[in-house]
Engineer: 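Below are the structure tokens for one structure; questions will follow.
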Amino acid sequence: MQLTSAEARERFASAPVARLATADASGTPHLVPVVFALGHDVLYFAVDDKPKTTPDLRRLRNIRENPRVTLLVDHYDADDWRALWWARADGRADIWTDPVQRAVPVDLLCGKYPQYAAAPPRGPVVAVEVTRWTGWTA
């Protein structure tokens with residue numbers, strides 16, 4: 001059964017982690033998990049201090065080349081497939097490095113994730129203006 005936009009947004013907001021899908025200019029996909037916070041219809045995630053192979057992250061390069069992104073959250077229950085659901089946010093991403101612009105999103109992320117209280121994300125913030133919420137439930 002399809003979720004309404006409001007239902008998909010509500011389920012999405014309550015999830016602890018999402019999968020971010022980006023694509024480069026040629027359309028090659030890239031998928032990574034991200035923690036996020038939601039402010040109105042803008043999703044935020046940030047580059048934090050967890051170890052990275054390189055500071056030149058592919059997700060950021062892809063967003064610079066092609067700002068259209070999708071984020072997906074889901075719930076899976078191996079024993080009760082009637083409890084399955086997923087919610088998706090499609091939108092346009094922008095990379096913020098200005099400290100003033102980053103302040104509210106970083107506060108939202110720190111409020112959602114206690115792990116960030118001692119070490120707020122210091123890298124770029126990605127703001128995704130959600131243009132469509134969709135979802136499904138069993």
Side-chain angles (χ1 to χ4, degrees):
M1 176 174 74
Q2 294 289 50
L3 296 174
T4 67
S5 292
E7 290 168 333
R9 185 188 183 285
E10 181 180 337
R11 289 184 190 222
F12 198 106
S14 69
V17 65
R19 278 63 178 179
L20 168 70
T22 62
D24 62 19
S26 70
T28 303
H30 181 64
L31 187 67
V32 293
V34 295
V35 295
F36 66 92
L38 180 60
H40 303 290
D41 278 335
V42 180
L43 284 166
Y44 301 104
F45 64 90
V47 177
D48 58 27
D49 293 335
K50 290 190 299 293
K52 312 278 190 277
T53 305
T54 175
D56 185 27
L57 299 176
R58 184 169 172 195
R59 68 195 83 161
L60 298 179
R61 290 193 318 265
N62 284 356
I63 289 167
R64 285 185 197 103
E65 292 179 19
N66 176 2
R68 294 177 310 184
V69 301
T70 294
L71 292 104
L72 180 76
V73 300
D74 67 295
H75 173 76
Y76 180 77
D77 187 322
D79 297 322
D80 184 2
W81 282 13
R82 295 169 297 173
L84 305 179
W85 62 265
W86 58 263
R88 188 172 98 191
D90 298 318
R92 186 172 183 82
D94 192 23
I95 300 169
W96 295 354
T97 57
D98 178 270
V100 173
Q101 204 174 27
R102 293 178 66 261
V104 169
V106 169
D107 285 347
L108 289 170
L109 287 162
C110 290
K112 185 173 179 180
Y113 300 98
Q115 300 88 331
Y116 281 152
R122 295 184 295 178
V125 166
V126 176
V128 179
E129 184 178 340
V130 178
T131 56
R132 186 173 74 152
W133 296 100
T134 55
W136 172 88
T137 187

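Residues take their numbers from the sequence shown, with the count starting at 1.
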Engineer: Could you tell me which non-hydrogen atom of Thr131 sits nearest to which non-hydrogen atom of Gly91, and how far apart they are?
Structural biologist: OG1-CA, 3.8 Å
Engineer: Can you find a heavy atom in the side chain of Leu109 that is under 4.5 Å from one in the side chain of Arg102?
Structural biologist: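 No, side chains not in contact.
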Engineer: Nearest 0.5 angstrom please: Leu72 CG to Trp86 CH2, how far?
Structural biologist: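 Answer for the CG-CH2 pair, Leu72 versus Trp86, is 7.0 Å.
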Engineer: Determine whether Val32 and Val35 fall in the same hydrophobic cluster, where Ile, Leu, Val, Met, Phe, Trp and Tyr are linked whenever their side-chain heavy atoms lie under 4.5 Å apart.
Structural biologist: yes
Engineer: Pick from Leu20, Val69, Val128: which one makes a side chain to side chain contact (heavy atoms under 4.5 Å, CB included) with Leu43?
Structural biologist: Val128
Engineer: Specify the closest pair of heavy atoms between Ala127 and Val42, including all atoms of both residues, with the distance to one decimal.
Structural biologist: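 That would be CB-CG1, 4.0 Å.
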Engineer: Go through the side-chain N and O atoms of Trp96 and Asp94 and say whether any donor and acceptor fall under 3.5 Å apart.
Structural biologist: yes
Engineer: With a 4.5 Å limit on heavy-atom distance, are the side chains of Leu38 and Phe12 in contact?
Structural biologist: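 No, their side chains stay 4.5 Å or more apart.
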Engineer: As an exercise, state the distance from OG1 of Thr134 to CZ of Arg88, rounded to the nearest 0.5 Å.
Structural biologist: 4.0 Å
Engineer: Inspect the surroundings of CZ in Arg61 and state if more than 12 heavy atoms from other residues, nucleotides or ligands are less than 6.0 Å away.
Structural biologist: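 It does: Arg61 CZ has more than 12 such atoms within range.
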Engineer: Should we say atom CD of Glu129 is surrounded by more than 12 heavy atoms from elsewhere, each under 6.0 Å from it?
Structural biologist: no
Engineer: For the side chain of Arg11 and the backbone of Asp74, is there at least one donor-acceptor N/O pair under 3.5 Å apart?
Structural biologist: no
Engineer: Taking all non-hydrogen atoms of both residues, which atom of Tyr113 and which atom of Ala15 are closest, and how far apart?
Structural biologist: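 Shortest heavy-atom separation between Tyr113 and Ala15 comes out as OH-O, 4.4 Å.
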Engineer: Do you know which of Val34, Leu108, Val106 makes side chain to side chain contact (heavy atoms under 4.5 Å, CB included) with Tyr44?
Structural biologist: Leu108
Engineer: Taking all heavy atoms of Leu84 and all of Asp77, pick out the closest pair and write down the distance.
Structural biologist: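 In terms of heavy atoms, the two residues are closest at CD2-N, 3.3 Å.
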Engineer: Compare all side-chain heavy atoms of Gln2 with those of Trp136 and state whether any distance is below 4.5 angstrom.
Structural biologist: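 Yes, at least one pair of side-chain atoms sits under 4.5 Å.
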Engineer: Drop me the distance from Ile63's CD1 to Asp24's CG, to the nearest 0.5 angstrom.
Structural biologist: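 Going from CD1 on Ile63 over to CG on Asp24, the span is 12.5 Å.
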Engineer: One pair to check against side-chain hydrogen bond (donor to acceptor under 3.5 Å, both in side chains): Asp90 and Thr70. What are the steps and the verdict?
Structural biologist: CA-CA 4 Å; Asp90 298 318; Thr70 294; 2.8 Å; yes
Engineer: Would a 4.5 Å heavy-atom cut-off, applied to side chains only, mark Trp81 and Tyr76 as touching?
Structural biologist: yes
Engineer: Is there a side-chain contact between Arg9 and Asp41 in this structure, where contact means two heavy atoms from C-beta onward sitting under 4.5 Å apart?
Structural biologist: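 Arg9 reaches Asp41 side chain to side chain.
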Engineer: Are any of the side-chain heavy atoms of Ile95 and Arg64 separated by less than 4.5 Å?
Structural biologist: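 They are in contact (side-chain heavy atoms under 4.5 Å apart), so the answer is yes.
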Engineer: More than 12 non-hydrogen atoms from neighbouring residues, nucleotides or ligands closer than 6.0 Å to CD on Glu7, yes or no?
Structural biologist: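 Above 12, so yes.
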Engineer: Would you mind reporting whether Val73 and Phe36 have side-chain heavy atoms less than 4.5 Å apart?
Structural biologist: yes
Engineer: Once rounded to the nearest 0.5 Å, what's the spacing between atom CZ of Arg59 and atom CG of Leu31?
Structural biologist: 10.5 Å
Engineer: What pair of heavy atoms forms the shortest contact from Ala8 to Ala87, and how long is it?
Structural biologist: O-CB, 3.4 Å
Engineer: Restricting to non-hydrogen atoms, name the atom on Ala46 and the atom on Pro121 that form the minimum distance, rounded to 0.1 Å.
Structural biologist: CB-CB, 3.6 Å
Engineer: If I take atom OG1 from residue Thr28 and atom CD from residue Glu65, how far apart are they, to the nearest 0.5 angstrom?
Structural biologist: 9.5 Å
Engineer: Let me confirm one number: the SG-CD distance from Cys110 to Gln115, rounded to the nearest 0.5 Å.
Structural biologist: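 Interatomic distance, Cys110 SG to Gln115 CD, rounded to 0.5 Å: 10.5 Å.
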Engineer: Hey, are the side chains of Leu60 and Val126 touching, using non-hydrogen atoms and a 4.5 Å cut-off?
Structural biologist: yes
